[in-house]
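Below: one structure, written as structure tokens.
Letters A, B, ... are given to chains in the order of the sequence lines, protein chains preceding strands, and every chain is numbered from 1. For the numbers below, each heavy atom of this structure counts, side chains included, while hydrogens, waters and symmetry mates do not.
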2 protein chains.
Amino acid sequence: MTNVFDDPRITAVGLLYEVHAGLSARFAAQLDEQGLSVVEFEVLTRLARSPGNQLRMTDLAAQTSLSTSGVTRVVDRMERDGLLTRRACPSDRRSSFAVVTAAGMQRLDETLPGHLRIIEQWFTGQLDPEALAALLDGLRRVRDAVHPYATAGSTDAAPEQEIAAADGAGRP
Amino acid sequence: MTNVFDDPRITAVGLLYEVHAGLSARFAAQLDEQGLSVVEFEVLTRLARSPGNQLRMTDLAAQTSLSTSGVTRVVDRMERDGLLTRRACPSDRRSSFAVVTAAGMQRLDETLPGHLRIIEQWFTGQLDPEALAALLDGLRRVRDAVHPYATAGSTDAAPEQEIAAADGAGRP
DNA sequence: GCCCAACGACTGCCTCAGCAACTATAGCCA
DNA sequence: TGGCTATAGTTGCTGAGGCAGTCGTTGGGC
């Protein structure tokens, strides 16, 4: 058994994937307590951080891991649950906005502190500041290489969006 | 707009997720050319690195991101495609092994070099050795915290499994 | 002003994966 | 030995999400 699988490259990827999976599981568990899925939380977050707490469906898709049809359905569910509303775009009758409702904002407010706590507890708090900086620096460089445009649904746009990077994609 | 979303913790997670998504997309694209999905590749890999190129269904589930029912179905598909076979376990008639066929090994051989090249190109090769070491070290520490048991399907076992960590889970 | 290609959202159909229920076997204990 | 519980694998049902096709709208070229 000539173990090709001990290759450090494989190990590196495995590490990355395990961290991702581990954190995702923690997030999912906490969000679940608040009645949110990971995607719903992401949608809520991206809308809440946009001007007017709203985004066109397409822009929302570009900012998430979803296709436009995927967005249609999440928004369906979240509208049904009262977290979001659709609003017609006055200047382009093809477009519509997804807007966070008061209930949606409240849900997000209830969820965020716990979410941050979990990140702190399982990720950022695990390393001393300088090790964390090194980790993030490495990640950033890799990210700049693979680029975020690889996200499904977006054609080629979205030049810089670090899940929390503000570029105000709303153009009504 | 008091931007809670610029919080460095959120940014850190965003970075991690973007890297994961970016790499995953590259992997998926390359594997797709070889007619494999990401899970199929993972299954193939885990089997190929196990003694006898085989693993019991349950152990396979524990080593992947799948539940046991998920494993049943992937193995169904891969068996249909001739990459795998089921073999009865002689000592426990409830169990069965998933075994990589010659065709499966060949497919893996055709796929691995390209896969490694992609890792090199978009991940490990993006950083000088010492930055990479720092990145991996950070990841390892976080991984040790979130622990791999968080992977769906495994109850609590799998003490150390770095996607490439050999602990030979086959116990026939 | 008219036409046509491009675009935004939505829907039908499909695949994938999880949970829970079910079957068959194993191993324990009286 | 006979029963009882735990375990391995499979299957029915369900929800999520992607692709491709549809419909209405837009905007540029003429």
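The ring-ring contact (aromatic ring centres under 6.0 Å, His included) pairs that include a residue from residues 32-73 of chain A are A:Phe41-A:His115, where partners are two or more places apart or lie in different chains.
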Would you list the atom pairs, donor with acceptor, under 3.5 Å between side chains in residues 33-40 of chain A and any protein atom, with sequence neighbours excluded?
{"unit_1": "A:Ser37", "atom_1": "OG", "unit_2": "A:Glu40", "atom_2": "N", "d": "3.1"}
{"unit_1": "A:Glu40", "atom_1": "OE1", "unit_2": "A:Ser37", "atom_2": "N", "d": "2.9"}

Hey, can you pull the donor-acceptor pairs under 3.5 Å for the side chains in residues 78-85 of chain A, sequence neighbours left out?
{"unit_1": "A:Glu79", "atom_1": "OE1", "unit_2": "A:Arg86", "atom_2": "NE", "d": "3.0"}
{"unit_1": "A:Glu79", "atom_1": "OE2", "unit_2": "A:Arg86", "atom_2": "N", "d": "3.2"}

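The side chain of B:Met57 sits closest to D:dT10 out of D:dG18, D:dT10, D:dT26. Of all nucleotides listed (C:dC10, D:dG18, D:dG17), D:dG17 comes nearest to the side chain of A:Val39. Between D:dT10, C:dA26, D:dA8, one nucleotide has an atom nearer to the side chain of B:Ser95 than all others, and that is D:dA8. You'll find that the side chain of A:Asp92 is closest to D:dT26, out of D:dT26, D:dG17, C:dA26.
Comparing A:Arg93 and A:Gly70 by the nucleotide of DNA chain D whose heavy atom lies nearest to each, the residue mapping closer to the 5' end is A:Gly70.
Within the 4.5 Å cutoff, side-chain heavy atoms of A:Leu23 are placed close to those of A:Trp122. A:Leu55 places a side-chain heavy atom less than 4.5 Å from the side chain of A:Gln63. For the pair A:Thr111 and A:Gln30, the minimum side-chain heavy-atom distance is below 4.5 Å. Contact annotation: the side chain of A:Ser65 never approaches that of B:Tyr17 to less than 4.5 Å [non-hydrogen atoms, C-beta and beyond]. Between B:Ile119 and B:Phe27 the shortest side-chain heavy-atom distance falls below 4.5 Å.
Residues A:Glu42 and A:Thr64 approach most closely at OE2-CA, 3.6 Å, considering heavy atoms. Heavy atoms only, all atoms of each residue included: B:Asn53 and B:Ala48 are closest at OD1-O, 3.1 Å.
Computed from coordinates, the A:Leu55 CG to C:dG8 P distance equals 13 Å when rounded to whole Å. Counting to the nearest Å, the P atom of D:dG15 and the CG atom of A:Asp81 are 13 Å from each other. In this structure, B:Leu60 atom CG and D:dA8 atom P are separated by 14 Å, rounded to whole Å. Regarding B:Glu40, its CD atom lies at a distance of 12 Å from the C1' atom of C:dT15, rounded to whole Å. Straight-line distance from the CG atom of A:Leu66 to the C1' atom of D:dC19: 14 Å, rounded to whole Å.
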Distances for protein N/O vs nucleotides 11-13 of chain C N/O pairs under 3.5 angstrom?
{"unit_1": "C:dG12", "atom_1": "O6", "unit_2": "A:Arg73", "atom_2": "NH2", "d": "2.2"}

Could you write out each protein N or O paired with an N or O of nucleotides 21-23 of chain C at a distance under 3.5 Å?
none

Just the table, please: protein N/O against nucleotides 1-7 of chain D N/O, every pair under 3.5 Å.
{"unit_1": "D:dT7", "atom_1": "O2", "unit_2": "B:Arg94", "atom_2": "NH1", "d": "2.7"}

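Looking only at atom types and distance, the side chain of A:Arg56 has a donor-acceptor partner in the side chain of A:Ser95 under 3.5 Å away.
As judged by a 4.0 angstrom heavy-atom cut-off over every strand, B:Ser96 is placed among residues touching the sugar-phosphate backbone only.
Applying the 4.0 Å criterion to OP1 and OP2 of D:dG17, one finds that A:Arg77 has a side-chain N or O inside that range.
Classification of B:Arg141 and B:Asp144 as a salt-bridged pair fails, no side-chain N sitting under 4.0 Å from a carboxylate O.
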